[in-house]
Amino acid sequence: MLDARFVRQNAELVRQALQDRGSDWNLDGYLELDTTRRELLAELEAAQARRNTDSKAIGALMKEGRREEAETLKAEVHSVNEVIARTEGSLAEIDGVVQEMMLTIPNLPDASVPVGANEQDNVEVRRWGTPPDFDFEPKAHWDLGPGLGIVDFERGVKLAKSRFVVLGRDGARLNRALINFMLDTHGGRGYTEWSVPAMANTETLTGTGNLPKFEDDLFAAADGLYLIPTAEVQLTNLHRAEVLDASDLPLDYTAYTPCFREEAGAAGRDTRGMIRVHQFDKVELVKFAAPENSFDELEKMVADAENILQQLGLAYRVITLCTGDMGFAAAKTYDIEVWLPSYAGYKEISSCSNCTDFQARRAAIKYRSPKEFGGSRFVHTLNGSGLAVGRTLVAIMENYQQADGTVVVPEVLRPYMGGQEAIQ
RNA sequence: GGAGAGGUGGCAGAGUGGUUGAAUGCGGCGGUCUCGAAAACCGUUAUGCGGGUAUCCCCCGCAUCGAGGGUUCGAAUCCCUCCCUCUCCGCCA
């Protein structure tokens, strides 16, 4: 959500931002509604002011025993109340539309974000590591996994439906090792670990921007709850409707959760293997930062995610998403893409975003700094994968495969695998 | 699932129809005192929106005491509905 006053006073800037994003959000329609709304509001408030002063006068007259005069004034307030009721009705109607619109306008891209239409206009920032050079024909994970008996696609379908996967034996253990390794590593770098519900209510999902616009991406559960698409939702909303202390910022949080996604618009994409599934594990990073250093914190967050890949010895590259490819809530996003032999290229394994005050405004997350400023201000929220566990598992299988079909366990994971050096 | 209690400002906690946006305490901020600090004392301290002025220094207005609706000239205060929390009992990983 954007600040209504900002949109009003910087209409052309917002128009440009929407255009850069390729958004068809109706700015002119909004501005017109906004003007009408303020006119109605002025009318309403004038009538309410009248009622308030008259009511006080009535109270005073009653005390003095001047009943007749009080009754006359009461009759006048009656007519004022009619105006109030009528104006309130019109205003509520417009307010409903305005609020709906405000919940669907995307965040403004940061000035440092490259302008572009789609993923082809994303800009590579850096690369790390070298993709493995196999002296044999490397297998894709969808062949390797079932071959080793550690990934079972058929049974995932049997238990749930397509795009669900079962991990078995060393696959399950490696998955668990990755979760623990990631949590421990981030914990060692100052992130506080949380364990949060796998379901979230509508207020929570509205706070992060998943609702109302992206309901199709979510799995709905009973009682108005949804399965979470990412722990970002929960970690960010931990402080919903709270006022934080500036001296506590930045707050660095991490959590492991399963993530559930409908993948409604992804029919036909990544259909093979476990790259795009309805349920996957992820270790998430979330930060609450002061506005003046949120972009520095974004760089640190990316470095924290990169650190996992470096320790695992997986080649990757970092790209800056262009305006047309960024998510709804983000002002700036770095994607980290890991090398996957089966794709003969880099595939997204982490996405780190600074959402500036966009989510904070929706979720009412503020901070106070009495020495710096009066009152409270919106914090900046950041989130990033650190990392998507399922895709990391895939990357390890494919990059660490041997000619004999076995998979070497990266050294940093061995303590988490009882010292095991290979999966065979 | 059954029974009861309760939801008020950053926190704790008063307030049961009329200058109550809200006592008091704690915390925060500013000041006095001090070489400095602590203590003490004094002052100050909710949020959102609209308008004026202007750009965050003020002024005016409106709204907000869990949410929504109702009664009334007037609601934190009375009535209804919903949500949530707590306590006890039952059940249970």
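- Between the P atoms of B/rG7 and B/rC79, the separation comes to 14 Å (whole Å).
- Residue A/R50 is classed as having no contact, given no heavy-atom separation below 4.0 Å to the nucleic acid.
- Contacts of A/A42 with the nucleic acid, taken as non-hydrogen atoms under 4.0 Å apart, are absent.
- With both ends at atom P, the span from B/rU19 to B/rU64 equals 15 Å, rounded to whole Å.
- When the P atom is used for both B/rU71 and B/rC57, the distance is 44 Å, rounded to whole Å.
- For the residue pair A/E306/A/Y316, the side-chain donor-acceptor check at 3.5 Å is satisfied.
- With the nearest nucleotide of RNA chain B identified for both A/K56 and A/T53, A/K56 has the one nearer the 5' end.
- The separation of B/rC11 from B/rG28, taken at their C1' atoms, amounts to 11 Å, rounded to a whole angstrom.
- A/L387 and A/M182 make their closest contact through N-SD, 3.2 Å (heavy atoms, listed as atom of the first residue, atom of the second, distance).
- Of all nucleotides present, only B/rU24 satisfies the Watson-Crick or G-U wobble test against B/rA12, with each distance under 3.5 Å.
- Counted by atom type alone, A/R362 and A/T206 present zero donor-acceptor pairs between their side chains at under 3.5 Å.
- Judged by Watson-Crick or G-U wobble contacts below 3.5 Å, the nucleotide B/rC73 has B/rG18 as its partner.
- Taking both residues in full, the closest heavy atoms of A/S162 and A/V157 are given as CA-CG2, 3.8 Å, listed atom of the first, atom of the second, then distance.
- Contact annotation for A/D245: no contact, since no heavy-atom pair falls under 4.0 Å across all strands.
- Taking atom P in both B/rA46 and B/rG10, the straight-line distance is 10 Å, to the nearest Å.
- Across every strand in view, B/rC65 sits unpaired, with no contact that passes the Watson-Crick or G-U test at under 3.5 angstrom.
- In this structure B/rA38 sits in no base pair that meets the Watson-Crick or G-U test at under 3.5 Å.
- Ring centers of A/F214 and A/F328: under 6.0 Å apart, within the cut-off.
- In this structure, A/L41 reaches the sugar-phosphate backbone alone: every heavy-atom distance under 4.0 Å involves primed, P, OP1 or OP2 atoms, never a base.
- For the pair A/L33/A/L31, no side-chain contact is recorded, criterion being any heavy-atom separation below 4.5 Å from C-beta on.
- Taking the nucleotide of RNA chain B with the nearest heavy atom to each of A/R377 and A/Q48, the more 5' of the two is matched to A/R377.
- Across all strands shown, B/rC89 is found opposite B/rG1 as a Watson-Crick or G-U wobble partner, with both distances under 3.5 Å.
- Here the separation of B/rG9 from B/rU45, taken at their C1' atoms, is 11 Å to the nearest Å.
- Counting 5' to 3', RNA chain B first comes under 4.0 angstrom of a heavy atom of chain A and last does so at the ends given by B/rG10 to B/rG74.
- Remark: B/rC29 base-pairs with B/rG43; criterion is Watson-Crick or G-U wobble with both hydrogen-bond distances under 3.5 Å.
- With a cut-off of 3.5 Å on both pairing distances, the Watson-Crick or G-U wobble partner of B/rG50 is B/rC60.
- Comparing the C1' positions of B/rA12 and B/rC65 gives an interatomic distance of 16 Å, to the nearest angstrom.
- For the C1' atom pair drawn from B/rG66 and B/rG50, the interatomic distance equals 26 Å after rounding to whole Å.
- Using cut-offs of 30° and 60° on the angle between ring planes, the pair A/F181 and A/Y416 is perpendicular.
- Aromatic ring orientation, A/H239 versus A/F288: perpendicular (interplanar angle above 60°, classes split at 30° and 60°).
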